[in-house]
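The structure appears below as structure tokens.
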Amino acid sequence: MADVAFPSDYAQARADFLRAAEAAGARLRTFALPGHRGPDGGELCVDTAYVGPPGPQKLLVTVSGTHGIEGICGSVCQTGILLREGVAREAGPGTGVLLVHALNPYGFAYLRRVNEDNVDLNRNFVDHAAPPHSDAYDAVHAALVAPGSPAFAPRELVAGLNALRDRLGPQALQEAVTRGQYRHADGLFYGGLRPTWSQRVFRTVVAEQIAGAAHVAYIDLHTGLGERGVGEPIFRGGRDAHAHERARRWYGDALTASELGTSSSTPIVGNTATAVADGLGPGSRLTAITLEFGTQPGPEVLLALCADAWLHRHHAPADAVRSELKQLIRAAFCPADDAMWREQIGRRAREVFGQALAGLADAKPGEAG
């Protein structure tokens, strides 16, 4: 937000968030990641902050850091909403606000999209007995990871990616790379072999802090796709027949949908909204979006992901996080040195959070849409 400084790392982001939550009188809960510490030796935690009445009928839920490094931007948005005066009053009677901070704290701390096991958390919410692997990924995997390469070779990597794009077309390449894959543990957009720690934590949060609400507005905060500085609301669900119509009413013509081909994101599998939909009781309504802030053109973002994957295959995490190559992934997912970008995302986050609260306020008990 405009009045919230961008943190330089996870530790600062967490400290800022916790201070803001305490100042807002939020109820806090913490889940510490076992077996791992941050680059500074500190704990890595998922923190939740709740503002509102006990047992709310309507609930705004925002999540940051599903994709690790993207949590820098998401954390600023969440800290900003906590610092706004009267957030509980704005939410209206019977309405609460739940902020889930740093869902993937390891990736956040080590400036990665993925978690401690190279798993993309937003592809992990699937049936792992029969994972929906993207067969198209198999054909592009070798070009993305450059197996055995002793040094990072950006020219060769870019040439290989360009050849793939020319052969497949930009849309088909994006779909092949990003949909979600479950066979290549060293690859990109890997959904994992089993539920991750972060998934288990989030399902606990859903069961204990979300499931009782009659209507949930869900916003998962992301960066890296779309026009620079634009906050694109991407429809992510709600299983009642009126969910998409309701989301369009709340967010207007800016709302996009991957499955309809109107979004910067191609269709994906196993995203976090799945857990919310799974956990809500009969008759409850979910209106879920990803709020995606654009940063760089797609080829530059993909190059940054390939560079980061190479870096962590060849270096220990403590060394990798200090590498100059990390500047590529910072620029791709959090160009915080750009004052205009910071201002744009702050303004847009306030607008979208306001739209979600207004939508919840207008929803009548038991109405279909």
Side-chain angles (χ1 to χ4, degrees), residues 1 4-21 24 26 28-31 33 38 43-51 59-84 87 97-115 120-122 124-125 196-199 201-202 205-206 209-210 216-225 231-234 236 271-273 275-276 288-293 295 329-330 333-336 341-342 345-346 348-350 352-353 356:
M1 298 276 177
V4 179
F6 265 71
S8 59
D9 56 22
Y10 163 79
Q12 183 184 343
R14 183 179 186 229
D16 291 347
F17 176 79
L18 293 177
R19 278 195 298 269
L28 288 164
R29 245 189 115 175
T30 293
F31 304 83
L33 174 64
E43 276 193 322
L44 300 176
C45 301
V46 177
D47 296 292
T48 69
Y50 175 72
V51 179
L59 185 64
L60 169 61
V61 180
T62 76
V63 177
S64 69
T66 298
H67 284 149
I69 187 172
E70 298 176 30
I72 297 175
C73 171
S75 176
V76 167
C77 295
Q78 291 179 314
T79 300
I81 197 173
L82 285 167
L83 292 176
R84 290 176 61 190
V87 63
V97 177
L98 176 67
L99 311 175
V100 182
H101 183 266
L103 187 57
N104 169 12
Y106 182 93
F108 197 154
Y110 286 93
L111 303 178
R112 305 205 70 195
R113 273 180 92 256
V114 294
N115 80 341
D120 183 321
L121 186 58
N122 221 31
N124 187 242
F125 290 80
T196 61
W197 174 84
S198 289
Q199 189 199 139
V201 165
F202 191 58
V205 171
V206 171
Q209 300 187 65
I210 298 176
V216 175
Y218 182 74
I219 302 174
D220 196 9
L221 297 157
H222 286 263
T223 61
L225 286 176
E232 175 190 352
I234 306 171
R236 287 292 180 234
N271 65 75
T272 59
V276 184
I289 63 168
T290 292
L291 181 56
E292 184 82 42
F293 293 104
T295 54
I329 201 165
R330 276 188 177 273
F333 294 102
C334 186
W341 186 83
R342 296 196 309 269
I345 68 131
R348 182 62 172 144
R350 286 192 296 272
V352 172
F353 290 164

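The chain is numbered in sequence order, starting from 1. Remember, predicted model here, so these are calculated numbers, not experimental data.
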On the 0 to 90° scale, with breaks at 30° and 60°, tag the Y10-F108 ring pair as parallel, tilted or perpendicular. perpendicular

Take D220 and T272, measure what side chain to side chain donor-acceptor pair (under 3.5 Å) needs, and give me the verdict at the end. CA-CA 8 Å; D220 196 9; T272 59; 3.1 Å; yes

Testing the 3.5 Å rule here: is there a donor-acceptor pair between the side chains of S198 and Y106? no

C77 and F293 have their tightest heavy-atom pair at SG-CE1, 4.2 Å

Taking the side chain as everything from C-beta on, heavy atoms only, tell me whether V205 gets closer than 4.5 Å to F31. yes

What are the two closest non-hydrogen atoms of D47 and R14, and how far apart are they? OD2-NE, 2.6 Å

Without hydrogens or angle criteria, can the side chains of H67 and N104 be said to hold a donor-acceptor pair below 3.5 Å? no

Looking at CG of N271 and CG of N124, how far apart are the two atoms once the value is rounded to the nearest 0.5 Å? 11.5 Å

So, do V63 and F202 sit near enough that their side-chain heavy atoms are less than 4.5 Å apart? yes

Step by step, would you call L59 with Y50 a side chain to side chain contact (heavy atoms under 4.5 Å, CB included)? CA-CA 10 Å; L59 185 64; Y50 175 72; 3.7 Å; yes

L103 side, atom CG; Q199 side, atom CD - distance, nearest 0.5 Å: 9.5 Å

Work out which heavy atom in A273 is nearest to a heavy atom in R236; give both atom names and the distance. CB-O, 3.9 Å

Rounded distance (nearest 0.5 Å) linking atom CD1 of I234 with atom CD1 of I219: 12.5 Å

Look at the side chain of E70 and the backbone N and O of F333, then say whether any donor-acceptor pair between them is shorter than 3.5 Å. no

What do the steps show when you test H101 against L99 for side chain to side chain contact (heavy atoms under 4.5 Å, CB included), and what is the final call? CA-CA 6 Å; H101 183 266; L99 311 175; 6.0 Å; no

Nearest 0.5 Å please: distance from the OG1 atom of T48 over to the CZ atom of F17. 7.5 Å

Closest heavy-atom contact between P7 and I72? O-CG2, 3.8 Å

Spatial distance of atom CG (L121) from atom OG1 (T196) [nearest 0.5 Å]: 4.5 Å

Does the side chain of Q78 come within less than 4.5 Å of L221's, by heavy atoms? yes

Let me confirm one number: the OG1-CG distance from T295 to L225, rounded to the nearest 0.5 Å. 7.5 Å

Run V352 and R348 through side chain to side chain contact (heavy atoms under 4.5 Å, CB included) and show every step you take. CA-CA 6 Å; V352 172; R348 182 62 172 144; 3.5 Å; yes

Side chains of H222 and E292: is there a donor and an acceptor less than 3.5 Å apart? no

Taking all non-hydrogen atoms of both residues, which atom of L60 and which atom of A356 are closest, and how far apart? CD1-CB, 3.8 Å

Could you tell me which non-hydrogen atom of R113 sits nearest to which non-hydrogen atom of D120, and how far apart they are? NH1-OD2, 3.2 Å

